[in-house]
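Structure record follows, encoded as structure tokens.
One-based numbering, in listed order, for ligands and for the atoms of each. No experiment lies behind these values; they were computed from the predicted model shown. For the single chain, residues carry numbers from 1 onward in sequence order. Both backbone and side-chain heavy atoms feed into the values below; hydrogens, waters and symmetry mates do not.
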Amino acid sequence: MTSVLLTGASRGIGKAIKHLFLQRGMQVWAPSRQEMDLSDPDSISRYTASLTEGVDVLINCAGINELAGVEEMTDEQIEKSIQINLLAQMQLIRWVVPFMKHRGGGKIVNFASIWCSFSKPRRIIYSVAKAGVKGLTTAAAVELATDNILVNAVAPGFINTEMTSQNNSPAQIQALTRALPMKRLGQPDEVAELVWFLISDKNTFMTGQTLFIDGGFSCI
Ligand SMILES: NC(=O)c1ccc[n+]([C@@H]2O[C@H](COP(=O)([O-])OP(=O)(O)OC[C@H]3O[C@@H](n4cnc5c(N)ncnc54)[C@H](OP(=O)(O)O)[C@@H]3O)[C@@H](O)[C@H]2O)c1
């Protein structure tokens, strides 16, 4: 049975991934924030030490997007966001790679965002972190390719989760929906299906990519 470590599964996109993967017969380790707090590297080390056999697949889905402008962002906000959105992904990759090498390969999917390539006011910290995820994905894919470890990132657009409703008023969501080529928000299970393809046996040659799943947002 394929084993998966999935972060951010308590709600939103991660929850949809967990549901789909369990339906399709995967063994899913989906620690809550209480079990593995990604803002704390020691908590990450403690939790991963309990997975003594490693996993076949790592999905770095958890993320936060606390809005702050260029002149208002605090060091605390910057450090917290970079730790949860970027460094935790690096720390989990560093942990899982020896196991994957030992098993003869593996799959890693990181979560970036459309804001890794685009941005809007008060997204500076998030854009920096998610651009880092894109770089991390490219670099890890290149270094790990000969070990048969495929590393890709998913960059969602506006998906119907708490993150979107927290950071955009109903009027803003209505306006941005009207502006999207597909005229609707994405659903978490649509993103889960893309992640499924990336970690499935069907994906044998795609690595190092950051894939936009955004209803056409990045095309206009
Ligand atoms: N929704 C979108 O439109 C959108 C767009 C672009 C990119 N993304 C990215 O897609 C991923 C999933 O987003 P989402 O919309 O599903 O987010 P969400 O609904 O806000 O859920 C975030 C998840 O991350 C977990 N998390 C946050 N801080 C954590 C911490 N310190 N330790 C452990 N877990 C923590 C949350 O756990 P708790 O329940 O404990 O808080 C929750 O499970 C994120 O990386 C996000 O940046 C989302």
Locate the shortest heavy-atom distance separating L6 from C61; write the atom from each residue and the value. CD1-CB, 4.1 Å
Quick one: does I64 get an N or O within less than 3.5 Å of an N or O on ligand 1? no
For atom 12 (C) of ligand 1, what's the nearest protein heavy-atom neighbour? Residue, atom name and distance, please. C61 O, 3.5 Å
Can you sort out which atoms of ligand 1 are near S39, meaning under 4.0 Å from one of its heavy atoms? 31 (N)
Using modelled atom types and a 3.5 Å cut-off, is there a donor and acceptor pairing between side-chain atoms of S10 and backbone atoms of S32? no
Mind checking whether F212 and F217 have ring centres under 6.0 Å apart? no
Ligand-residue contact atoms, ligand 1 with T164, heavy atoms, under 4.0 Å: 1 (N), 2 (C), 3 (O)
Check ring pair (Phe, Tyr, Trp, His ring centres under 6.0 Å) between F111 and all other residues, then give those that pass, not counting sequence neighbours. none
Could you tell me whether ligand 1 has any atom less than 4.0 Å away from a heavy atom of N65? no
To check your reading of the model: name the closest protein heavy atom to atom 35 (C) of ligand 1, its residue, and the distance in Å. A62 CB, 4.1 Å
Side chain, backbone, both or neither: which part of D37 has a heavy atom under 4.0 Å from ligand 1? both
What is the closest protein heavy atom to atom 40 (O) of ligand 1, and at what distance does it sit? R33 NE, 3.0 Å
For ligand 1, does K130 get within less than 4.0 Å through its side chain, its backbone, both, or neither, judged by non-hydrogen atoms? side chain
Counting heavy atoms only, which part of I84 comes closer than 4.0 Å to ligand 1: side chain, backbone, both or neither? side chain
Nearest non-hydrogen partners of G12 and T161, listed with the distance: CA-CG2, 3.8 Å
I need the nearest protein heavy-atom contact for atom 5 (C) of ligand 1: residue, atom name and distance, please. G157 O, 2.9 Å
Among Q77, M73, Q166, R122, find the one that has a side chain to side chain contact (heavy atoms under 4.5 Å, CB included) with E66. Q77
Do R184 and E190 meet the salt-bridge criterion of a basic N to acidic O distance under 4.0 Å? yes
Candidates N148, D147, D56 - the one meeting side chain to side chain donor-acceptor pair (under 3.5 Å) with R103: D56
Between I199 and V96, is there shared hydrophobic-cluster membership here, with clusters defined by ILVMFWY side-chain heavy atoms closer than 4.5 Å? no
Considering only heavy atoms of M36, which atoms of ligand 1 have at least one such atom less than 4.0 Å away? 32 (N), 33 (C)
Residue pair D214 / S218, side-chain donor-acceptor N/O under 3.5 Å: yes
Per-atom contacts of ligand 1 with F158, taking only distances under 4.0 Å to non-hydrogen atoms: 3 (O)
Looking at Y126, F217, F111, the heavy atom closest to atom 8 (N) of ligand 1 belongs to Y126
Closest to atom 17 (O) of ligand 1 among protein heavy atoms sits M163 CE, 3.8 Å
Is the contact between W115 and ligand 1 made by the side chain, the backbone, both, or neither, using heavy atoms and a 4.0 Å cut-off? neither
shortest atom 13 (O) of ligand 1-to-protein heavy-atom contact is with I13 CD1, 4.0 Å
Just heavy atoms, cut-off under 4.0 Å: does T161 contact ligand 1 by side chain, backbone, both, or neither? side chain
Among all protein heavy atoms, pick out the one at the shortest distance from atom 21 (O) of ligand 1; state its residue, atom name and that distance to 0.1 Å. R11 NH1, 3.6 Å
Taking NZ, NE, NH1 and NH2 as the nitrogens, is one of them in E193 or R24 under 4.0 Å from a carboxylate oxygen of the other? yes
Relative to the heavy atoms of A112, which atoms of ligand 1 are at a distance of less than 4.0 Å? 7 (C), 9 (C)
Looking only at protein heavy atoms, which one is nearest to atom 39 (O) of ligand 1, and how far off is it? S10 OG, 2.5 Å
Could you tell me which atoms of ligand 1, counted from 1 in the order shown, lie closer than 4.0 angstrom to a heavy atom of G63? 22 (C), 24 (O), 27 (C), 44 (C), 45 (O)
Residue that, paired with K107, satisfies side chain to side chain contact (heavy atoms under 4.5 Å, CB included) out of V57, L198, V151: V57
How close do L38 and A62 get, heavy atom to heavy atom, and via which atoms? CD1-CB, 3.3 Å
